[in-house]
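Input: a single structure, listed below in structure tokens.
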Amino acid sequence: MKPKRIGAIAALMLLLPGGTGSALAAPRADPPRPVPSGTELAVRPGERVSVTTEARVSGDAFNGVRVTSPAFAADGTLRMDESLLVAVVTVSCTAAPGSYEVRFGSPLGYENGPAIDRLWGSVRVALADAAERAQCARQVAQRQPESQEERYPADTEWPASPWDVRTVPAGGQLKAEDGLEMGGDGMVKLSSPGFTRPVVMHGDKRVTATVRIRCDAQPGLYTVHWKEEGKPAKIWARYRVTAASPGCQDPAVAPQKAPWLLGAAALAAVGAAGHALVRRRRKVSR
């Protein structure tokens with residue numbers, strides 16, 4: 001086979017989805033390497049590492065707890081992943097060679113709670129020359145930020161946290177519950193671009209509401225706004241919408257009449273009743 005023909009076939013193979021080195025395949029980030037508790041992990045600048053611990057086992061390990069180290073480019077955050085808590089962090093491109101402790105720290109905004117400062121393990125940063133550090137900076141700058149989404153067991157009330165992202169098909173329903181904010185019965189309204197309509201939460205010590213997702217809601221991540229009477233609105237929850245099932249139809253919503261129309265109808269009814277009573281009295285008096 002001629003060299004030109006071989007080169008053409010090789011180029012074609014690179015463009016085919018099944019070919020090795022396919023040009024159509026999106027590059028995937030390498031999974032982070034775990035940092036085991038009580039041990040030291042050898043790392044290189046720019047490497048992603050993870051800290052994983054069981055949920056609801058330790059009082060200083062819960063979603064929101066920071067995972068810190070002088071070797072990290074930024075603090076990590078423990079986030080719920082079913083029955084585990086996971087934090088993913090990046091080793092700084094400028095970290096000097098040496099050993100660094102990895103610790104748990106109090107969540108941001110946790111000033112009123114007991115301080116958290118627990119040693120988890122350590123990382124040992126390898127020696128890197130200037131060229132490797134420059135390449136590290138370019139690669140890290142191109143990465144997507146670590147996801148803030150959390151996954152809770154299906155039997156957990158939603159939302160367990162503002163980033164408790166449940167997946168629901170367009171046309172489906174979610175039950176929203178809250179027992180911490182203590183919003184009064186009928187005083188809280190939930191709204192979202194994906195809802196068929198805003199809903200009002202009802203209940204005594206725990207307020208709840210069932211929300212329905214529009215059949216034409218596009219797949220993606222949506223936010224839920226909490227608006228309580230007399231207080232500013234806030235992002236309270238998030239959910240992810242998937243494609244609707246075939247034949248999905250939103251329930252018919254009875255049109256609400258304007259208050260002035262209801263008042264006019266009531267006055268008309270009163271007037272008609274009064275007119276009938278007057279006619280009846282006239283007949284009796286004759």
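For the numbers below, each heavy atom of this structure counts, side chains included, while hydrogens, waters and symmetry mates do not. In this text, all values refer to a predicted model and were calculated from it rather than measured experimentally.
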- Message: Check Arg240 with Glu149, please: is the shortest side-chain N to carboxylate O separation under 4.0 Å?
- Response: yes
- Query: Looking at residues at least two apart in the chain, or sitting in another chain, which of them share a side chain to side chain donor-acceptor pair (under 3.5 Å) with Gln173?
  - Reply: Arg212
- Under the side chain to side chain donor-acceptor pair (under 3.5 Å) test, residues paired with Arg79 that sit two or more places apart: none
- Message: Taking Arg206 first and then Asp204, would you say they form a salt bridge - that is, a charged N and a carboxylate O separated by under 4.0 Å?
- Response: no
Cut-off 3.5 Å, no hydrogens considered: what does the side-chain donor-acceptor table look like for residues 67-76, sequence neighbours left out?
from	atom 1	to	atom 2	distance (Å)
Ser69	OG	Ala71	N	3.2
Ser69	OG	Glu101	O	2.8
Asp75	OD2	Arg66	NH1	2.9

- Query: Quick one: side chain to side chain donor-acceptor pair (under 3.5 Å) partners of Asn112, sequence neighbours excluded?
  - Reply: none
- Query: Which hydrophobic side chains are connected to Val165, either touching it within the sub-4.5 Å cutoff or through other members that do?
  - Reply: Trp163, Leu221
Side-chain donor/acceptor pairs under 3.5 Å, residues 80-93, sequence neighbours excluded:
from	atom 1	to	atom 2	distance (Å)
Asp81	OD1	Arg151	NE	3.2
Asp81	OD1	Arg151	NH2	2.7
Asp81	OD2	Arg151	NH2	3.1
Ser92	OG	Thr94	N	3.1
Ser92	OG	Thr94	OG1	2.9

- With sequence neighbours excluded, residues passing side chain to side chain donor-acceptor pair (under 3.5 Å) with His202: Asp185
- Between the side chains of Arg118 and Ser58, is a donor N or O closer than 3.5 angstrom to an acceptor N or O? yes
- Item | Test salt bridge (charged side-chain N to carboxylate O under 4.0 Å, His left out) applied to Glu47 - qualifying residues, sequence neighbours left out | Arg33
- Message: Can you tell me if Lys189 has over 12 outside heavy atoms packed within less than 6.0 Å of its NZ?
- Response: no
- Message: According to side-chain hydrogen bond (donor to acceptor under 3.5 Å, both in side chains), does anything in residues 128-145 pair up with another residue at least two apart or in another chain? List the pairs.
- Response: Arg44-Glu132
- After noting the C-alpha distance and the side-chain angles of Asp178 and Trp226, does the key distance pass the side chain to side chain donor-acceptor pair (under 3.5 Å) rule? CA-CA 11 Å; Asp178 190 275; Trp226 166 291; over 6 Å; no
- Task: Name all residues meeting the ring pair (Phe, Tyr, Trp, His ring centres under 6.0 Å) criterion together with Tyr152; count only those two or more places apart in sequence or in a different chain, and write none if there are none.
- Result: none
- Name all residues meeting the salt bridge (charged side-chain N to carboxylate O under 4.0 Å, His left out) criterion together with Asp250; count only those two or more places apart in sequence or in a different chain, and write none if there are none. none
- Task: Please name all residues satisfying ring pair (Phe, Tyr, Trp, His ring centres under 6.0 Å) with Tyr222, sequence neighbours left out, ordered by chain then number.
- Result: Tyr239
